[in-house]
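In what follows, a structure is listed as structure tokens, so that the remarks can point back to it.
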Amino acid sequence: MFDRLKKAFSNIVKGLSEKELSEADIDKVFSEIEIALLESDVAHETITYLHDTLKRELVGKRFDKSRDNESIVKDTLKDIMISIFNNAGTLDIIERINSKKDREKEPYTILFLGINGTGKTTTIAKFANMLRKHNISSVIVAGDTHRAGAIEQITEHATRLGIKVIAQRYGADPAAVGRDGVLYAKAHRVDTVLIDTAGRMQTSRNLMDEMAKIVRVVKPDLKIFVGDSLAGNDTIMQAREFLRYTDFNAIILTKSDSDYKGGSALSIVHVTNKPIVYLGVGQGYDDLVPFNAEEFVEQIVEGNGKR
Ligand SMILES: Nc1nc2c(ncn2[C@@H]2O[C@H](COP(=O)(O)OP(=O)(O)OP(=O)(O)O)[C@@H](O)[C@H]2O)c(=O)[nH]1
């Protein structure tokens with residue numbers, strides 16, 4: 001009998017202290033957040049996804065009356081964003097390289113993809129430098145045989161770092177240069193092969209076919225898309241196209257040090273469902289850091305500026 005009374009009483013109390021969020025309540029709070037997201041370069045389709053998911057999760061649910069709508073929406077938004085990153089999974093590259101080394105005694109091959117000027121060449125040099133800190137050796141393949149100066153550029157980075165470069169003449173088949181790199185690594189017991197590739201616009205059909213051919217011939221263990229975080233929606237469009245032709249596994253975003261907006265990171269993962277593994281945070285060889293989704297989401301939702 002007391003139980004019944006207690007339950008009835010607690011229901012009354014709940015009724016007084018709880019509230020239900022309507023679609024209009026959510027729209028009201030979201031309209032302000034939407035502007036901030038747009039200003040942060042979050043892609044339109046990602047914003048629509050966030051808005052729709054928010055409504056699905058919140059409309060009709062009961063909340064403590066003392067909580068303001070804004071904090072409810074923000075907390076839920078953070079969870080939705082984290083789930084976008086979680087759905088894309090995580091990828092421990094160092095662990096993968098070491099496990100292939102132990103298991104097969106074969107080099108681990110990584111193909112770097114992306115258009116010119118995104119920072120691909122610099123990123124490969126940073127990557128080789130980072131691997132060395134983990135006692136992992138590498139050879140770099142000058143696979144951009146199209147752009148004048150590309151071979152010299154990657155060779156200069158490699159020389160500075162004391163890393164072997166495998167190159168052929170301009171106009172050579174990049175897939176063949178990639179294969180040379182793998183053979184060299186096998187013969188010299190080098191742990192990883194890092195392959196640079198040409199990067200004209202993603203709309204170039206020939207280039208995309210060439211990328212698909214390198215993938216078929218070299219059969220890389222990993223394909224990393226390198227995108228410029230400052231290029232906003234362009235980066236998203238490039239990623240979509242490269243994904244279609246190469247089905248890359250992971251993303252590195254460059255120039256995050258100058259990107260105070262940060263929206264590209266969320267959009268690119270939402271659109272491709274592939275994880276960001278590292279961020280480029282400067283022009284030096286040490287300026288490559290692991291991506292931290294929780295930290296990123298906190299910054300974008302609370303809007304407290306740079307990484
Ligand atoms: N601030 C900053 N600059 C970067 C970063 N990564 C690369 N850069 C700079 O971006 C410019 C372009 O980088 P590259 O590595 O030459 O670009 P790429 O994609 O290889 O271009 P191509 O060689 O034309 O294919 C260079 O001046 C780099 O120093 C980064 O994380 N932060």
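One-based numbering, in listed order, for ligands and for the atoms of each.
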Identify whether the distance between the nearest side-chain nitrogen and carboxylate oxygen of Glu45 and Arg240 falls below 4.0 Å.
yes
Any nitrogen or oxygen of Asp144 lying under 3.5 Å from a nitrogen or oxygen in ligand 1? Just yes or no.
no
Atom indices of ligand 1, in the order listed, that fall short of 4.0 Å to a heavy atom of Lys126:
5 (C), 6 (N), 30 (C), 31 (O)
Under 3.5 Å between any N/O of Ser256 and any N/O of ligand 1: does that happen in this structure?
no
Is there a side-chain contact between Ile93 and Val277 (heavy atoms, below 4.5 Å)?
yes
Is it true that, when you exclude Arg103 itself, more than 12 heavy atoms of the residues, nucleotides or ligands shown sit nearer than 6.0 Å to its CZ?
yes
Where is the tightest heavy-atom contact between Thr192 and Ser138, given as atom of each residue plus distance?
OG1-CB, 2.9 Å
Could you tell me whether Lys213 and Glu210 have a side-chain N and a carboxylate O separated by less than 4.0 Å?
no
Counting from 1 in the order shown, the ligand 1 atoms closer than 4.0 Å to a non-hydrogen atom of Gly280 are 31 (O)
Distance filter under 4.0 Å to Thr121 heavy atoms, resulting ligand 1 atoms:
15 (O), 18 (P), 20 (O), 23 (O)
Atom 21 (O) of ligand 1 - nearest protein heavy atom and its distance
Gly117 N, 2.7 Å
Quick one: look at Asn116 and ligand 1, take heavy-atom pairs under 4.0 Å, and tell me if it's side chain, backbone, both or neither.
both
Give a yes or no on this: more than 12 heavy atoms of other residues, nucleotides or ligands lie within 6.0 Å of atom CD of Glu32.
no
Is the closest heavy atom of Gly199 to ligand 1 under 4.0 Å?
no
Classify the ring geometry of Phe112 against Phe127: parallel below 30°, tilted from 30° to 60°, perpendicular beyond 60°.
perpendicular
The protein heavy atom nearest to atom 7 (C) of ligand 1 is Gly119 CA, 3.7 Å
Quick test of your reading of the model: are Glu106 and Lys100 salt-bridged, counting only N-O distances below 4.0 Å?
no
For atom 9 (C) of ligand 1, the protein heavy atom that lies nearest, with its residue and separation:
Gln283 NE2, 3.6 Å
Polar side chain donor-acceptor pair, Ser22 to Asp25, under 3.5 angstrom
yes
How far is atom 32 (N) of ligand 1 from the closest protein heavy atom, and which atom is that?
Asp257 OD1, 2.9 Å
Please report whether ligand 1 has a polar contact with Gln153, defined as an N or O pair separated by less than 3.5 Å (distance criterion only).
yes
Nearest protein heavy-atom contact for atom 23 (O) of ligand 1: which residue, which atom, what distance?
Arg147 NH2, 2.6 Å
Looking only at protein heavy atoms, what sits closest to atom 15 (O) of ligand 1 is Thr122 OG1, 2.5 Å
Which residue holds the protein heavy atom closest to atom 18 (P) of ligand 1, what is that atom called, and what is the gap in Å?
Lys120 N, 3.3 Å
Check ligand 1 against Val281 and write out every atom of the ligand that is under 4.0 Å from a heavy-atom position of the residue.
31 (O)
Do Tyr278 and Ile224 make a side-chain contact, defined as non-hydrogen atoms from C-beta onward lying under 4.5 Å apart?
no
Taking only heavy atoms of Thr118 into account, list the atoms of ligand 1 that are under 4.0 Å away from them.
19 (O)
So do the side chains of Asp196 and Lys120 get within less than 4.5 Å of each other, counting heavy atoms only?
yes
Mind checking whether Gly282 has a heavy atom under 4.0 Å from ligand 1?
yes
Ligand 1 and Lys255, any nitrogen or oxygen pair closer than 3.5 angstrom?
yes
Would Phe248 and Phe242 count as a close aromatic pair, with their ring centres under 6.0 Å?
no
